[in-house]
Every structure is written in structure tokens, then in C-alpha cells.
Amino acid sequence: MKDAKTLWKACVSRALEALAREKGIPAEALSALPPAVEVPPKPELGDLGFPMFPYAKVLRAAPAQIAQAVAAALVGDPEAAGLGTVRTEGPYLNVFLDRPAVVRDVLEALGRDPDGYGRNESLAGRKIMVEFSSPNTNKPLHLGHLRNDALGESVSRILAANGAEVFKIDLINDRGVHICKSMLAYMAYGNGRTPESEGVKSDHFVGDYYVRFNDLKKEDPAAEEKAQALLVKWEAGDPDTLALWKTMNGWAEGGIRQTYERTGISFDKYYHESRIYVTGKDEVLRGLESGVFFKAEDGSVRVDLSDIGLETKVLLRKDGTSIYMTQDIGLAIERHKDWPFDQLIYVVASEQQYHFKVLFHILAKLGYPWAANLYHLSYGLVNLPEGRMKTREGTVVDADTLLDSLRELAVEEIASKGREDAVGDISETAEKIALGAVHFYLLQATPSKDMIFNPKESLSFNGATGPYIQYMGARISSMLRKHDSGEGNARGGTVRPELLAGDAEWALIRRIAEYPEAVAQAARDFDPSAVATCLYDLASAFSRFYHDNPVLTAPDKDTAASRLALAAAARTVLRNGLSLVCIPFLETM
RNA sequence: GCGCCCGUAGCUCAGCUGGAUAGAGCGACGGACUUCGAAUCCGUAGGUCGCAGGUUCGAUUCCUGUCGGACGCACCA
């Protein structure tokens with residue numbers, strides 16, 4: 001389709017130039033106006049459309065007249081004649097592609113390299129590091145993390161599908177007052193209990209104590225100060241404090257990693273804040289020497305940000321300790337040494353835009369050439385219909401709990417359809433459906449925008465959902481299984497593209513043909529929704545197609561074989577695409 | 001106050017670099033299973049694209065202003 005698009009563009013361009021020459025107008029006048037290709041609003045208007053408005057002034061003619069003249073020229077163009085037919089629609093020049101030819105090309109491309117369909121090499125040789133998730137170790141993952149994780153993992157896979165070499169990293173925030181609060185509450189109420197003794201997932205166990213810190217505050221007004229004091233003890237290396245910290249962090253991180261495994265995300269390297277929080281200090285001191293930073297009257301080291309319209313920013317406290325920004329400066333430099341990336345993408349919520357703006361600017365000021373290739377993939381908050389999730393009010397949607405309830409619903413769904421025997425491992429299948437539901441829900445939206453998560457609605461598996469797409473994949477798989485076991489009429493038939501030229505088939509073929517472009521666009525915009533939307537449209541087109549076109553039961557062998565080939569092609573694209581948006585493909589459900 | 005993002009059908013969201021009567025899903029209403037699994041399909045109703053200007057042959061899309069909302073503007077992460 002892409003090829004047809006560019007070919008037609010060239011044909012139209014030639015015809016326009018010829019028209020200009022005829023009128024004695026220099027062809028150069030058109031060079032600033034390359035033909036714009038678009039998709040007509042209705043399929044019966046054609047497959048490609050070229051608006052002729054822009055040429056009215058230069059060619060001194062009405063757009064509709066130009067369209068007619070160009071159409072006439074194209075009829076006589078032998079190259080264009082082989083690509084389809086043209087028709088004018090007022091000021092538009094519309095193209096009807098040669099359907100069998102496109103069908104043949106698409107099926108051939110898929111047959112040649114099924115797994116590679118949709119991949120490209122545009123980012124070949126490029127090393128891209130992606131940081132995402134970056135959890136705190138005082139509580140389990142919640143819905144917001146799921147959006148972050150899904151985005152990070154999906155973008156990583158999409159970039160890899162465009163040829164990039166991707167390195168995924170996770171920064172575990174295992175240090176700070178937040179973890180000290182959990183520790184303090186545990187010291188007060190723990191009594192030696194463990195996740196094992198209580199039968200609670202270990203990160204939830206730690207999170208429960210973080211919540212209980214609120215109780216502690218009521219009992220002990222000095223609780224906040226005690227948490228600060230505990231942090232000081234931690235930094236001083238107090239053995240008892242370190243031991244408890246280690247134990248509780250182990251629980252928290254262990255539980256969090258279980259959730260990663262469950263949701264299918266992974267990392268090439270974990271960084272721990274506790275081990276690197278002092279880095280960056282040397283870098284800042286060096287910047288002070290070279291005059292990039294300055295020492296304020298109170299003794300703190302600061303950076304002047306007036307060149308980007310901001311105030312000054314402290315980088316080292318007057319006591320010489322480092323802050324968040326200092327760490328991130330050091331960390332970026334260290335990471336580039338660890339794995340010399342061409343680009344580093346930080347998947348972090350939009351709340352931190354200021355932070356990254358400043359960080360990138362500082363690194364540029366320090367003279368790191370790669371600073372220009374740092375990118376903050378900023379995503380919006382996930383809110384509830386009632387508003388923002390609040391830990392204090394207990395409205396936070398916990399990731400594990402959400403997945404559990406979705407899985408439970410999927411189990412019920414399987415039972416209500418009497419498919420327990422057909423799906424094999426019910427629990428495993430239900431878990432994959434739950435994942436499909438969550439990931440599609442989170443990735444179909446534009447990353448930068450805040451989104452509302454309606455628990456009730458999101459529990460539906462109907463309509464534009466992950467399970468809908470999975471279902472179409474399962475239905476096609478079912479057909480292919482039947483065919484393999486000898487059922488149906490496709491055996492011995494020949495695949496003939498001209499038998500797939502109907503409107504329903506054509507709509508499906510177009511979606512299949514568009515998929516590679518969606519993968520490319522998703523990489524350009526760091527936006528998986530391009531892929532998610534394409535897959536939904538594809539599944540939907542397949543659903544319409546097979547609803548009124550019998551595949552295996554088509555009376556004629558060749559028709560059955562041809563339709564089956566189309567279905568198999570659709571399945572391949574679904575399989576490839578779903579993996580890019582972290583949705584498990586299901587053979588049966 | 002300043003910065004940044006967002007305001008499209010009752011709800012949740014699409015709408016690619018400005019282009020042909022603004023699209024989906026959910027919800028509502030009405031249809032389709034002795035036919036490859038109905039987690040499906042088809043139809044109906046529903047929008048002055050927050051508002052006002054501007055640029056353009058043409059603006060949901062670009063610019064300005066304005067109203068409304070979210071998030072930032074720490075020697076917290």
C-alpha cells in the first residue's frame with residue numbers, strides 16, 4: 001500500500017508538471033506543492049485521494065478542471081494504468097487500486113517472512129536505552145505503574161521492531177523516608193511477622209505497614225521526625241537499621257518483580273538508588289570548577305537557568321549532600337558509560353516535566369553531546385471517575401488486585417460459554433485475557449493525555465477491548481486447526497487473489513497493508529496507540545469479513561483456500577502486533 | 001502570578017504533516033445464532049468539535065485572546 005501510495009504520488013506529480021508545461025508555466029512552480037495523498041472518507045470514492053485545491057492558483061484553473069485534466073493525462077500514462085484506475089470527484093482526483101495486485105503483494109510479503117512482517121530497519125544501528133517503571137519499595141504497584149510499565153515495555157518492543165537495539169532499565173527507589181516509614185511501622189506493629197507467616201504477597205505486606213504508619217502518627221506525634229531520624233541512621237550505616245531495611249526491601253522488590261513477571265515486562269538491568277544516590281556529586285563539583293555552576297552565598301551549589309527562562313536550581317545543599325537532580329545527573333552519565341546509547345528515553349509521568357527539562361539542559365551545559373538525544377516520554381495520570389487516586393483515602397487501584405478481579409471475570413466468562421474443556425488451562429487463559437484487557441485499555445489512549453479508568457467499564461470484554469482482538473485471533477486459529485485436521489473445503493484449493501477482491505476482503509487487506517506503517521509511526525511518536533488502534537481495526541475488519549463470507553465452508557475449493565489464506569494473513573499480523581502492545585496471543589479462549 | 005498539558009456524541013476515546021456529509025466503543029432503542037465458537041454482526045437515535053477573533057480557496061487540526069480543568073514552579077523523590 002505504501003508503495004502504491006508513493007508510486008501514485010509520482011504519477012500525479014508527473015501529470016501536473018505536464019499540465020503546467022502545456023500552459024507554459026514553469027514546472028518549478030509546482031516543486032513547493034508535492035501532491036498530498038489522503039484516504040477518501042468513503043470506500044466507494046476510492047482508495048487514495050488527491051485534493052487539487054493547492055494547484056488552482058499556480059495553474060490558473062479551477063480545482064475540478066485540474067482534476068479532470070490530470071485524470072485524462074493519467075489514463076494515457078502506461079505506468080499508472082498498471083496500478084489501478086482514476087476517477088474525479090469534483091476537486092478531488094481519486095484512485096482505485098488494482099485490488100488483486102495489492103492482495104497478491106500483501107500475501108506474498110507475509111508468506112515470505114511472516115514473523116518479519118511489519119518490522120523495518122529504519123532505526124538499525126541505533127542504541128536506545130529506555131528507563132521505565134522505577135517503583136518505590138514501600139508499596140506494591142498500582143494502576144499508574146501499569147500504565148508506565150505497559151508504555152515502557154511496548155515502546156521498547158516497537159523501537160526494536162523498527163530495527164533499534166534497545167536496553168531496558170529499571171531504577172528501584174529503595175532509599176528515602178518512604179521506606180523508613182514502613183520500617184518504623186513494622187518495628188511498632190510487626191512482632192516478627194513475615195509475608196510467609198501471614199500468607200501475604202511480600203510487596204503488599206510491606207505496603208500494609210506503610211499504610212499503618214498513619215496509625216503510628218496518631219499514637220506518636222513525633223513519628224515523622226522519627227522517620228527522618230531513621231533515615232539519618234540508615235545513611236550512617238547503622239547495622240540494625242540496614243538489616244531491617246534490607247529485609248523489607250527484599251520483600252518489596254521481590255513482590256514487585258513477581259508482578260513484572262505476571263504482566264510480561266522485563267529489564268536488562270536494575271539500578272538501585274541506594275547504591276547510586278551519591279553519584280553526580282563529583283560531576284557537579286567539576287561543573288563548579290569549570291564555571292557551569294556557581295556557589296551561592298549560603299554555600300550551596302546552584303545552576304543559573306535564566307537562559308531557559310527559569311530560576312536557579314540547587315544541585316548541592318550547603319552541607320554538601322546531593323539531591324534528586326544531582327543523582328539524575330550522575331546516573332545519566334554513568335548509564336552512558338555502562339551502555340553508550342544514542343538515545344535515552346525516560347518513561348515518567350507528566351508531573352515531572354520540569355525536572356526533565358532542567359536535567360536535560362544541565363547535561364547539555366556540561367557538554368555531553370548525547371544530551372540532545374534525551375527524551376522524556378511524559379504520560380498522563382490515570383484517574384478514577386471520582387478524581388485522582390489517593391493513598392490516604394484508599395482509592396488507589398492496586399495492580400495485582402485489579403488483575404485478579406479481571407481474571408476472575410474471565411474465568412466466569414469462559415464458564416458461561418461452556419468452554420472450560422476447550423481452553424485447557426482455564427486459569428492461565430483467564431490471566432492472559434485479563435492482561436489483554438488491561439494493556440489494551442492503557443495503551444489505546446494517547447500517552448500524553450490524562451485518562452480516566454472506570455473500573456466498571458474496564459471490566460467488560462466486549463467492544464473495543466483487548467479480549468475482542470484476542471478473540472478474533474482465537475477464531476482464526478480455530479479455523480486453521482480445523483483445516484489442518486482435514487475439515488473444510490480449502491484442501492487442494494488454489495489461492496487466487498482475484499477471489500479476494502470483494503469489499504469486505506478489501507477492507508481487511510487494507511488494514512493488513514497499513515500495519516507496517518502503524519509500527520513505523522508508533523516508533524516515530526513513541527506512541528503504542530497507533531499499533532493498538534490498527535490491530536483493533538484489523539480485528540474488526542476480519543470480524544465483518546468472516547461474518548458473511550464462509551471460509552472453510554465456502555462451496556468452492558479455490559475460494560475456501562483463498563479466504564483461508566487471507567484469514568491466516570490476518571492472524572499473523574494480529575500475532576505480531578499484539579506482542580508489540582504486550583497482549584498475549586491466544587490460540588483458543 | 002508564571003510554565004506545561006488538555007477541553008470532540010450522555011460516558012470513555014480516535015481524528016496522520018489543515019482538505020470531501022466529524023468517527024469508534026460503551027450506554028439507549030430495534031434486529032440477526034438448526035450455518036466455520038454470538039467475547040460476534042447489522043440498523044436507529046445522539047455533536048454550533050469550550051467560547052471569540054485571526055491566517056487560508058478551505059480550520060476539530062495552525063496563531064492570538066478568553067473561560068474551564070489537570071499537573072508543575074522545594075536545599076522531596
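Just so it is clear: chains get the letters A, B, ... in the order the sequence lines come, proteins before strands, and each one is counted from 1.
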Nearest to the side chain of [X], which nucleotide is it out of [options]?
X: Tyr471(A); options: rC41(B), rA77(B), rU40(B); result: rU40(B)
X: Thr588(A); options: rA74(B), rC42(B), rG37(B); result: rG37(B)
X: Tyr536(A); options: rG37(B), rU40(B), rA24(B); result: rA24(B)

(request) Would you kindly say whether His272(A) and Asn173(A) are connected by a side-chain donor-acceptor distance under 3.5 Å? (result) no

Have a look at [X] and say if it touches a base, only the backbone sugar-phosphate, or nothing, with a 4.0 Å heavy-atom cut-off.
X: Glu38(A); result: base
X: Lys449(A); result: sugar-phosphate
X: Ile452(A); result: sugar-phosphate

Separation of [N] [atom2] from [X] [atom1] (nearest whole Å):
X: Asn549(A); N: rU35(B); atom1: CG; atom2: P; answer: 18 Å
X: Leu359(A); N: rC73(B); atom1: CG; atom2: P; answer: 15 Å
X: Asp537(A); N: rG25(B); atom1: CG; atom2: P; answer: 10 Å
X: His355(A); N: rA74(B); atom1: NE2; atom2: C1'; answer: 13 Å
X: Phe542(A); N: rG37(B); atom1: CZ; atom2: P; answer: 11 Å
X: Leu310(A); N: rA74(B); atom1: CG; atom2: C1'; answer: 14 Å

